[in-house]
Amino acid sequence: MAAGPTELELFRRRWRAELAGARPGKKRRRAAEPGGSPSCREPVSGWSSCGGVPPAAPRDGGGEERREAGYFALARSLLDGKGPGARSRRRRPRPGPPPPGPPAAAAEPEDGGDNDLLGQLIRDLNEINEVPFFDIQLPYELALKIFQYLGRTELGRCAQVSRTWKVLAEDEVLWYRLCQQEGYLPDASISDCPCWKLALQDCYIKERTLRTNWKNRIGAVSQLQYELGKVLCDVHSCDGVAIAGYTSGDVRLWDTRTWDYTAPILEPVHGSADPGPQPHVSFVRINSSLAVAAYEDGTVNVWSLMIGREPIHHYQHNQRIRALALGLEGAAIATASGFQVKVESPDDRGYWKTTAQFEIQKLVNFLHLVPDVVGSPVTIAAAEDMVYLLKAEEPGKVLHSVYGQPVTCLDVSASEAAFGVKGFGWLLNETNKILLYNLETGQCLTKLGSSLGDFTCVNLQNSPPWMLVTGNKDRRVRVYDLRRSKSLCSLYAHHLGVSAVQMDDWKIVSGGEEGLVCVWDQRMGIKLWEMHARHPVRHIWFNTHSLITANIPDEKNPRGASIMDDDLTAHRRHRGIIYAYEFSVDQLARESVLPICRSSYDEVTGYNYNISLAVPYDNILVT
């Protein structure tokens with residue numbers, strides 16, 4: 001019955017003997033138990049020779065136990081069944097010169113204690129405060145491969161660990177990749193900047209400054225006006241370059257990135273036998289390499305932004321052009337006239353040809369080219385209550401068709417198409433909705449919204465991933481989450497309805513039929529500022545530092561005024577206007593002055609009729 005406690009007592013006694021034997025400078029303790037003999041120090045199997053009962057363990061004096069220090073005292077207290085005291089939990093003092101006087105009994109073992117398992121365990125426990133550096137054992141390239149999965153915050157923390165990690169965490173390859181991942185300086189190479197960490201920091205500071213300027217409307221604003229007496233017909237922009245078409249048949253370009261207001265005229269190609277005025281411009285489109293204009297007589301002109309003012313291609317429709325589309329990249333053009341949709345593009349040698357031609361059943365209202373398509377272009381056409389998917393060398397495919405529910409707006413991305421559908425009303429439980437279709441499968445992914453008003457505009461292509469923004473005749477701007485098919489926010493924006501809208505990750509810019517341009521904080525749901533002009537807002541485009549808006553009149557021939565009249569002041573309020581806003585921190589103060597105030601006034605015709613409204617007067621020569 002006493003076998004268990006007896007074995008534990010013998011184990012404690014033998015460990016004490018091992019601890020005492022590990023200290024060669026001390027004498028072994030004499031056996032204090034009566035009748036002790038060497039035979040009683042045998043293993044458990046030899047207990048029967050001593051009567052089956054092991055001798056009692058010696059009870060050492062308190063003085064010698066108190067002289068034990070460090071981890072030996074901790075081990076001895078554990079053997080005695082005691083918990084570690086306050087002294088044993090203290091951190092071992094740093095080694096130093098021994099105190100004067102006789103050597104203490106609790107001195108560390110000199111040579112014998114370094115070889116046992118207990119001493120090695122104690123040394124290992126004492127070394128856990130040292131940080132292991134894996135880059136000493138791994139090649140530099142492999143350590144750099146591991147660090148490339150860290151963000152800027154994690155790299156900053158790793159740089160504070162040691163000098164070795166600081167060199168590794170500030171490697172130019174890591175910070176160059178971070179700049180590319182964040183979308184900063186996408187066209188730069190790693191050799192363009194001596195310190196990419198500072199370059200990324202400057203980009204963040206500039207981004208915060210731009211956001212502050214956007215919220216407080218700090219920057220320059222200019223009016224992109226062409227000539228008096230000509231009514232604005234259509235405006236489009238891409239990457240800061242704006243194109244405008246007028247009732248005079250002229251097409252103008254502005255590059256707001258350089259603020260060059262000497263807008264060149266893109267010369268049209270019309271029949272030489274037409275002595276009268278040129279037809280009005282119906283539509284204009286522009287991308288990074290091409291500019292396209294469609295006229296009321298069915299003519300389409302194509303210009304290259306790299307070559308000059310002369311068209312590089314033109315073709316003719318028999319009827320008025322109802323819709324025009326230009327791809328974001330490449331040189332694909334789609335036009336709709338009557339019941340015909342034609343797609344034009346150049347071949348490998350640069351010769352333009354008709355890639356595809358389709359005959360559909362109804363008149364086209366909206367036309368878009370699917371971006372990022374490899375091979376033949378893909379066109380999405382909305383004709384009254386039908387939506388077509390048109391591919392070259394394939395018959396037209398009906399994507400959506402519900403009789404009596406016309407399409408009111410359309411936009412496409414690389415894989416999806418979103419369009420507004422007018423419902424039958426509350427009586428039949430069919431309200432106006434936004435439908436989202438997958439272009440690969442042709443299936444409806446989701447139905448968004450439920451409104452009495454018609455959806456007048458939708459922006460899917462320029463919206464953040466899994467988000468979509470719409471404008472409605474019920475005066476509201478709505479943002480939808482495509483993953484949950486729910487509305488994130490609804491903003492009461494324009495009292496005559498929303499006509500144009502665009503958003504990014506934090507702001508929304510909307511335009512209304514009353515001519516009001518509003519900038520909203522999308523997360524807070526509040527209006528930051530607004531600007532007003534006379535005509536409806538038909539075009540909105542912005543990036544991180546600039547904004548282009550266009551107020552285009554509905555009446556191209558105002559009542560009571562003739563375009564051929566010599567009194568150009570009668571048409572000022574009917575022309576329409578294009579505004580260009582610049583929120584960059586590099587913008588100079590003088591560039592916020594309107595272009596009319598920076599004119600040299602040396603032209604015979606121009607802005608002399610309202611020169612009294614232009615301030616300040618720099619150098620005005622009176623002849």
Side-chain angles (χ1 to χ4, degrees), residues 186-187 234 236-243 245 249-253 255 264-273 278-279 281-295 297-319 321-338 340-360 364 367-381 388-397 412-415 439-440 461:
D187 300 330
D234 194 24
H236 194 251
S237 58
C238 176
D239 295 335
V241 181
I243 183 173
D250 294 333
V251 178
R252 284 266 179 165
L253 283 178
D255 190 353
I265 299 178
L266 301 181
E267 298 179 0
V269 175
H270 294 288
S272 57
Q278 301 294 339
V281 177
S282 300
F283 303 98
V284 290
R285 295 292 184 269
I286 191 173
N287 62 11
S288 58
S289 59
L290 295 180
V292 184
Y295 298 85
D297 61 350
T299 304
V300 179
N301 290 330
V302 183
W303 296 271
S304 173
L305 300 182
M306 306 298 176
I307 296 179
R309 300 182 179 183
E310 295 291 335
I312 61 174
H313 177 62
H314 79 279
Y315 59 95
Q316 182 76 36
H317 280 277
N318 296 328
Q319 302 180 22
I321 296 177
R322 301 184 59 87
L324 172 66
L326 176 63
L328 290 180
E329 299 293 338
I333 302 170
T335 53
S337 176
Q340 184 184 74
V341 176
K342 182 184 292 187
V343 180
E344 299 268 335
S345 62
D347 57 12
D348 297 337
R349 296 179 297 175
Y351 294 101
W352 285 80
K353 64 179 182 179
T354 302
T355 305
Q357 189 169 344
F358 305 93
E359 296 290 337
I360 59 179
V364 176
L367 193 65
H368 284 274
L369 284 171
V370 179
D372 303 331
V373 175
V374 179
S376 301
V378 180
T379 308
I380 305 296
Y388 294 90
L389 177 63
L390 307 176
K391 296 182 180 180
E393 301 178 356
E394 295 183 10
K397 176 183 177 181
V412 298
S413 64
S415 60
L439 298 180
E440 297 181 0
Q461 183 174 336

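Just so you know, residue 1 is the first one in the sequence shown, and it goes up from there. Since the structure is predicted, the reported quantities are computational estimates derived from the model, not experimental observations.
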Worksheet item: Would a 4.5 Å heavy-atom cut-off, applied to side chains only, mark Leu266 and Asn301 as touching?
Response: no
Fill in: Check: Gln461 and Leu328 side chains under 4.5 Å, non-hydrogen atoms
yes
Practice prompt. Can you see which heavy atom on Ala332 is nearest to which on Pro377, and at what distance?
Written response: CB-CB, 4.0 Å
Fill in: Among Val373, Leu369, Val412, the one residue meeting side chain to side chain contact (heavy atoms under 4.5 Å, CB included) with Thr379
Leu369
Fill in: Inter-residue atom distance Tyr295.OH - His317.NE2, 0.5 Å rounding
14.5 Å
Worksheet item: Does Ile380 reach the side chain of Leu389, with side-chain heavy atoms less than 4.5 Å apart?
Response: yes
Fill in: Heavy atoms from other residues, nucleotides or ligands near CG of Asp347 exceed 12 (cutoff 6.0 Å)
yes
Discussion item. Quick one, Val251 with Trp303, criterion side-chain contact (heavy atoms from CB on, under 4.5 Å). Give me CA distance, side-chain angles, the key distance, then yes/no.
Written reply: CA-CA 11 Å; Val251 178; Trp303 296 271; 4.2 Å; yes
Fill in: Student check: side-chain heavy atoms of Ile321 and Ser282 closer than 4.5 Å
no
Item to complete: Could you walk me through whether Gln316 and Thr299 pass the side chain to side chain donor-acceptor pair (under 3.5 Å) test, one step at a time?
Response: CA-CA 5 Å; Gln316 182 76 36; Thr299 304; 2.6 Å; yes
Worksheet, complete the sentence: Nearest heavy-atom approach of Ser288 to Leu305 is O-CD1, 3.9 Å
Item to complete: Output yes when a side-chain donor or acceptor of Asn287 lies under 3.5 Å from a complementary backbone atom of Cys238, and no otherwise.
Response: no
Worksheet entry | For Thr355, all residues meeting side chain to side chain donor-acceptor pair (under 3.5 Å), sequence neighbours excluded | Ser345
Worksheet item: Minimum heavy-atom separation for Leu367 to Ala323, with atom names?
Response: CB-CB, 3.6 Å
Worksheet item: If you take all heavy atoms of Gly330 and Leu290, which pair is closest and at what distance?
Response: O-CD1, 4.2 Å
Discussion item. According to side chain to side chain donor-acceptor pair (under 3.5 Å), who are the partners of Ser376, at least two apart in sequence or on a separate chain?
Written reply: none
Practice prompt. Measure across Ser413 and Val370 and return the closest heavy-atom pair with its distance rounded to 0.1 Å.
Written response: O-CG1, 3.6 Å
Worksheet item: Are the side chains of Val302 and Ile333 in touch, meaning some heavy atoms are under 4.5 Å apart?
Response: yes
Practice prompt. Could you pull out all residues at least two apart from His313 that satisfy ring pair (Phe, Tyr, Trp, His ring centres under 6.0 Å)?
Written response: Tyr315, Trp352
Worksheet item: Could you give all pairs that pass the salt bridge (Lys or Arg N to Asp or Glu O under 4.0 Å) test and reach residues 282-291, with sequence neighbours left out?
Response: Asp234-Arg285
Discussion item. Would you say that Val292 contacts Ile243 through its side chain, given a criterion of any heavy-atom pair below 4.5 Å between the two side chains?
Written reply: no
Discussion item. Tell me every residue that passes side chain to side chain donor-acceptor pair (under 3.5 Å) with Glu393, counting only those two or more places apart in sequence or in another chain.
Written reply: none
Discussion item. Determine whether a donor-acceptor pair (N or O, by modelled atom type, separation under 3.5 Å) exists between the side chain of Glu344 and the backbone of His314.
Written reply: no
Worksheet item: How would you list, by chain and number, every residue that makes a side chain to side chain donor-acceptor pair (under 3.5 Å) with Gln340, sequence neighbours excluded?
Response: Glu359
Discussion item. If you apply the rule side-chain contact (heavy atoms from CB on, under 4.5 Å), what do you find for Val343 with Leu390, and how did you get there?
Written reply: CA-CA 10 Å; Val343 180; Leu390 307 176; over 6 Å; no
Worksheet item: Counting only heavy atoms not in Glu329, do more than 12 sit closer than 6.0 Å to its CD atom?
Response: no
